Amino acid sequence: MIFPEDKNLARALEFAIETDKMKSIFRRSSIFDGTRRENDAEHSYHISLMALAFEKYAPEGVDLLRVLKMLIVHDVVEIYAGDTFAYDKNANTTKKERESAAADKIFSMIEHGGELRALWEEFDRMETVDALYAVSLDRLEPFLANCLNKGDTWFAGGVGKEAILRRMEPIKRGIPALWPTILALIEENVENGYVTAGETEK
């Protein structure tokens, strides 16, 4: 393949080709109709669209463009690190190390990779309103997939109510208007037998 003579333009093209691999990284959660698992590219697109849908309910001061950038790059490291199931304690013990090494590789490919990595790190820290809103959307999407598919990964993984509540906690501040609905949906899944009432996280 022919690359441009401009070094940084060539790097951008290489990055574009490499990040196509996100389409082949399949997540634990399903698409909403339950017919198959979603991939990272689909997930990133969907939560970016959700950022537009819920913008009115975001915390005061949110910069939507920064949020969208975060959402687009937040899982790009999974090209090398793979998807880690949120409720798998064992896999999560090595997640930070694996993803940091992946970030070193992927963000070094592009001229402004430092900026993108800073957004990726900000997302993980959840210390700014932009990150809080972004993380809330990232956690909402698979939550909805579980609610629409009889508990799906919760049921298969024996995930308990308390673990789900902890996982969804950022929404209390990131999309506060939605929190009562989150609580009601968790209770509905407990009542239906898709989620255990106790603490059964791996």
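Remember, predicted model here, so these are calculated numbers, not experimental data.
- Using a 4.5 Å heavy-atom cutoff, the side chains of Ile72 and Leu116 are not in contact.
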Show, in sequence, the C-alpha distance, side-chain angles and deciding distance for Ile106 and Tyr80, and conclude whether the side chain to side chain contact (heavy atoms under 4.5 Å, CB included) test is met. CA-CA 9 Å; Ile106 194 69; Tyr80 309 125; 3.7 Å; yes
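- Hydrophobic clustering places Phe32 together with Leu49 (ILVMFWY residues linked when any side-chain heavy atoms are closer than 4.5 Å, directly or through intermediates).
- Residues Phe123 and Val73 fail the side-chain proximity criterion, which asks for heavy atoms closer than 4.5 Å.
- We find that Glu18 and Lys105 are not joined by a salt bridge, their nearest charged nitrogen and carboxylate oxygen being 4.0 Å or further apart.
- Residues Glu99 and Ala81 come closest through the heavy atom pair CG-CB, 3.8 Å.
- Listed for the Asp33 side chain is no donor-acceptor partner under 3.5 Å among the backbone atoms of Leu148.
- Residue-environment remark: CZ (Phe54) exceeds the threshold of 12 foreign heavy atoms within 6.0 Å.
- Judged by distance alone, with hydrogens and angles left aside, the side-chain atoms of His74 form a donor-acceptor pair with the main-chain N or O of Leu71 at under 3.5 Å.
- Here the CD-CG distance, from Glu111 to Asp6, works out to 8.0 Å after rounding to the nearest 0.5 Å.
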Please list, one pair per line, the donor and acceptor atoms closer than 3.5 Å that link side chains of residues 174-191 to other protein atoms, with sequence neighbours excluded.
residue : atom : partner : partner atom : Å
Glu187  : OE2  : Lys161  : NZ           : 2.4
Asn189  : ND2  : Leu185  : O            : 2.9

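- The hydrophobic clustering, which links ILVMFWY residues whose side-chain heavy atoms are closer than 4.5 Å, places Tyr57 and Val62 together.
- The shortest distance between side-chain heavy atoms of Leu64 and Leu52 falls below 4.5 Å.
- Using a 4.5 Å cut-off on side-chain heavy atoms (C-beta onward), Asn39 and Ile25 make no contact.
- A donor atom on one side chain and an acceptor atom on the other are found under 3.5 Å apart for Thr153 and Asn146.
- In plain terms, the two heavy atoms of Asp20 and Lys23 that are nearest each other are OD1-NZ, 2.7 Å.
- Heavy atoms only, all atoms of each residue included: Thr93 and Asn90 are closest at OG1-O, 2.5 Å.
- Although no hydrogens or angles enter the test, the distance criterion places no donor-acceptor pair under 3.5 Å between the side chain of Arg167 and the main chain of Arg139.
- Neither Met22 nor Ile31 shares a network with the other; the hydrophobic side chains, linked directly or stepwise wherever heavy atoms of I, L, V, M, F, W or Y lie under 4.5 Å apart, form separate groups for each.
- By the 4.5 Å heavy-atom criterion applied to side chains, Leu65 and Lys69 are counted as neighbours.
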Step by step, work out the side chain to side chain donor-acceptor pair (under 3.5 Å) result for His112 and Asn8. CA-CA 9 Å; His112 57 290; Asn8 287 322; over 6 Å; no
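- A salt bridge links Glu121 with Arg117: the closest approach of a Lys/Arg side-chain nitrogen to an acidic carboxylate oxygen falls below 4.0 angstrom.
- Checked by atom type and distance alone, the side chain of Asp75 never pairs as donor or acceptor with a backbone atom of Glu78 at under 3.5 Å.
- Judged by distance alone, the side chain of Asp138 and the main-chain N or O of Ala134 form no donor-acceptor pair under 3.5 Å.
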Using the side chain to side chain contact (heavy atoms under 4.5 Å, CB included) rule, take Arg98 and Thr84 through it: C-alpha gap first, then chi angles, then the decisive distance, then the call. CA-CA 10 Å; Arg98 286 184 286 108; Thr84 303; 3.0 Å; yes
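- Screening Ser30, Ser29, Ser44 against Glu38 for a side-chain hydrogen bond (donor to acceptor under 3.5 Å, both in side chains) leaves a single residue, Ser29.
- There is a path of hydrophobic side-chain contacts, each under 4.5 Å, that joins Val195 to Tyr87.
- Atoms CG and CZ, on Asp83 and Arg37 in that order, are 7.5 Å from each other to the nearest 0.5 Å.
- Grouping Ile, Leu, Val, Met, Phe, Trp and Tyr by side-chain contacts under 4.5 Å, direct or through others, puts Ile17 with Met1, Phe3, Leu13.
- To the nearest 0.5 Å, the span separating CD1 on Ile110 from CD on Glu115 amounts to 9.5 Å.
- Across Val129, Asp130, Leu137, a single residue satisfies side chain to side chain contact (heavy atoms under 4.5 Å, CB included) together with Tyr133, and that is Leu137.
- For the residue pair Ser108 and Asp104, the shortest heavy atom distance occurs at OG-O, 3.0 Å.
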Evaluate the salt bridge (Lys or Arg N to Asp or Glu O under 4.0 Å) criterion for residues Glu14 and Arg11: first the C-alpha distance (whole Å), next the side-chain angles of each, then the deciding distance (0.1 Å), finally the verdict. CA-CA 5 Å; Glu14 183 182 8; Arg11 289 173 68 191; over 6 Å; no
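- At most 12 heavy atoms of other shown residues, nucleotides or ligands fall within 6.0 angstrom of atom CZ in Arg173.
- The two residues Cys147 and Trp154 make their nearest non-hydrogen contact at SG-CH2, 3.9 Å.
- Around the CZ atom of Phe26, the shell of radius 6.0 Å holds more than 12 heavy atoms that belong to other residues, nucleotides or ligands.
- Listed for the Ser136 side chain is a donor-acceptor partner under 3.5 Å among the backbone atoms of Pro170.
- Using a cutoff of 4.0 Å between basic side-chain nitrogens and carboxylate oxygens, Lys172 and Glu169 are scored as salt-bridged.
- With 3.5 Å as the limit, one finds no donor-acceptor pair spanning the side chains of Thr128 and Arg66.
- Lys150 pairs by the salt bridge (Lys or Arg N to Asp or Glu O under 4.0 Å) definition with nothing, not counting sequence neighbours.
- Grouping the Ile, Leu, Val, Met, Phe, Trp and Tyr side chains by contacts below 4.5 angstrom, directly or via other members, places Met168 apart from Phe155.
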Candidate pair Phe107 and Val77, rule side chain to side chain contact (heavy atoms under 4.5 Å, CB included), full reasoning: CA-CA 9 Å; Phe107 293 124; Val77 296; 4.1 Å; yes
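- Contact check for Asp40 versus Lys21: no side-chain heavy atoms found under the 4.5 Å cut-off.
- Phe85 carries Arg28 over the face of its six-membered ring, with the cationic atom under 6.0 Å from the centre and within 45° of the normal.
- The CD atom of Glu141 sits 5.5 Å away from the NE2 atom of His46 when rounded to the nearest 0.5 Å.
- Nearest heavy atoms, Leu68 versus Ser48: CD2-O, 3.4 Å.
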